[in-house]
Amino acid sequence: MSFPALVEPAPELTIEEVRRYSRHLIIPDVGMTGQKRLKNAKVLVIGAGGLGSPALLYLAAAGVGTLGIVEFDEVDESNLQRQIIHGHSDIGRGKAESARDSIKEINPLVEVVVHQERLDTTNVMGIFERYDLIVDGTDNFATRYLVNDAAVLLGKPYVWGSIYRFDGQASVFWAEHGPCYRCLYPEPPPPGMVPSCAEGGVLGVLCASIGSIQVNEAIKLLAGIGEPLVGRLMVYDALEMSYRSVKVRKDPECAVCGKNPTVTELIDYEEFCGAISAEAAEAAVGSTISVHQLEAMIDRGEDFLLVDVREPNEFEINRIPGAVLIPKGDFLNGSALERMPMDRQVVVHCKSGQRSAEVLAVLKGAGFSDAVHVGGGVAAWVNQVDPSQPAY
Ligand SMILES: [Zn+2]
């Protein structure tokens with residue numbers, strides 16, 4: 001099913017624009033009218049990260065007239081493996097600013113609007129209102145639900161994508177014509193169950209595969225051509241090299257776009273998604289030590305078992321001396337508990353303190369009442385105690 005074009009055509013293209021976009025103009029489905037629609041289009045890209053990088057570059061090259069970027073973060077060395085809109089000399093700069101400079105180099109005819117802020121309930125409606133279409137490149141569930149609900153409430157279509165290791169997904173959510181993100185995923189996963197790219201990794205080029213699908217869909221919607229990915233979920237497996245498209249139906253009971261919606265205004269998304277589970281938060285109260293306290297325990301030669309609950313690949317990158325690796329999953333399935341000593345204190349840590357708090361809840365539940373976890377994890381250790389080790 002095709003839809004009418006989202007954007008009216010601009011009055012005309014300049015001679016320079018005709019030269020620049022000639023390979024589009026000679027495609028009959030795009031043509032002069034389609035290119036004029038792109039010129040008139042205002043597209044917002046959320047995040048100039050893994051998905052936002054290729055998306056912004058191709059939207060700019062394609063001649064989308066106005067590109068908005070929502071991004072508050074700075075460029076880190078570990079971003080460069082996939083966030084190709086940023087270069088080595090951009091390390092430490094704001095990502096939004098760095099992305100704007102790259103876009104200007106690719107296509108100076110594009111007007112770039114930088115929203116250097118974190119998207120939240122106070123600013124999302126005001127920002128979204130200014131655009132025809134949203135491309136979502138966020139990497140966390142709280143922001144995804146925020147984006148979805150704001151888009152539904154404003155009646156805006158958005159192109160969603162997600163990436164993890166070798167697996168990618170993409171869809172177009174547009175409540176007026178099909179399902180929304182909540183129709184597909186009514187509830188966020190329990191905190192700590194779905195690893196982020198920072199925890200699990202992502203193949204750099206996967207971002208280009210999914211980001212380019214998002215741009216493809218954006219162009220189709222703006223120009224009113226082809227069959228948009230409305231009501232379909234594209235599932236890509238880079239190891240198998242397979243693309244599958246799965247039908248997604250609108251859920252009449254959907255909390256935000258259903259017949260009797262319960263979400264009629266924006267909610268508290270951090271609480272809805274829970275940064276860590278209630279059990280983990282409770283276990284961590286009074287049982288969290290700092291990396292400096294851990295360092296002092298090691299220096300005093302105290303007898304305790306230090307357990308690193310990250311994954312083996314992460315353990316290879318950096319570690320706290322003396323730590324034994326037992327991944328979080330072994331605690332969740334119970335198999336690690338028999339290896340825990342009854343006569344020594346157990347100290348657990350992960351990368352940042354989220355996974356170790358989940359493990360701490362399991363340990364406390366199994367009777368290890370004096371167990372503690374390390375706030376900030378190995379990231380804080382490298383940052384504050386041993387900067388000779390690499391961060392990731
Ligand atoms: Zn819905």
Side-chain angles (χ1 to χ4, degrees), residues 1-6 43-47 51 55 70 119-164 167-191 193-194 210 213-218 220-222 224 226-236 244-274:
M1 185 181 166
S2 58
F3 300 103
L6 268 181
V43 175
L44 179 70
V45 177
I46 304 168
L51 293 173
V70 189
L119 204 63
D120 61 28
T121 51
T122 65
N123 58 18
V124 65
M125 300 300 250
I127 295 175
F128 278 20
E129 265 169 1
R130 300 166 58 180
Y131 296 90
D132 304 302
L133 175 76
I134 293 129
V135 174
D136 182 13
T138 50
D139 59 355
N140 68 84
F141 289 97
T143 313
R144 275 188 200 149
Y145 282 94
L146 169 70
V147 168
N148 182 70
D149 292 358
V152 172
L153 294 172
L154 289 167
K156 305 260 179 192
Y158 78 101
V159 191
W160 168 83
S162 103
I163 44 174
Y164 179 69
D167 297 320
Q169 299 185 351
S171 192
V172 172
F173 295 118
W174 195 359
E176 280 172 27
H177 299 281
C180 78
Y181 181 74
R182 278 185 192 260
C183 294
L184 179 61
Y185 299 114
E187 299 277 340
M193 285 304 287
V194 177
I210 299 301
I213 290 177
Q214 290 182 284
V215 173
N216 189 62
E217 293 308 305
K220 282 157 61 184
L221 290 164
L222 296 168
E227 293 262 330
L229 211 45
V230 173
R232 287 185 293 150
L233 175 69
M234 183 59 84
V235 180
Y236 173 58
R244 287 185 301 129
S245 128
V246 183
K247 258 204 163 64
V248 183
R249 291 184 197 288
K250 193 175 180 77
D251 178 4
E253 307 302 322
C254 176
V256 67
C257 81
K259 280 181 291 195
N260 301 299
T262 52
V263 177
T264 53
E265 55 183 36
L266 300 175
I267 61 169
D268 183 335
Y269 294 90
E270 295 293 341
E271 193 195 311
F272 179 60
C273 296

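In each ligand, atom 1 is the first atom listed, and ligand 1 is the first ligand listed.
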So, applying side chain to side chain contact (heavy atoms under 4.5 Å, CB included) with Ile46, which one of Val135, Leu51, Leu146, Ile134 is it?
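Option passing the side chain to side chain contact (heavy atoms under 4.5 Å, CB included) with Ile46: Ile134.
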
Would you tell me whether Tyr269 and Asp149 have side-chain atoms, one donor and one acceptor, within less than 3.5 Å of each other?
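Distance-only check passes for Tyr269 and Asp149.
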
Is there a donor-acceptor pair under 3.5 Å between the side chain of Lys156 and the backbone N or O of Ala151?
no

Near-ring test Phe141/Tyr145, centroid separation under 6.0 angstrom:
no

Heteroatoms of the protein, restricted to N/O/S, which lie under 2.8 Å from the Zn ion (ligand 1):
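The answer, once waters are left aside, is Cys180 SG, Cys183 SG, Cys254 SG, Cys257 SG.
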
A quick test of your reading: do over 12 heavy atoms of other residues, nucleotides or ligands sit less than 6.0 Å from CG of Asn260?
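Open: at most 12 neighbouring heavy atoms sit under 6.0 Å from CG of Asn260.
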
Parallel, tilted or perpendicular: which one describes the rings of Trp160 and Phe173, with boundaries at 30° and 60°?
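If you compare the ring of Trp160 with that of Phe173, the planes turn out tilted.
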
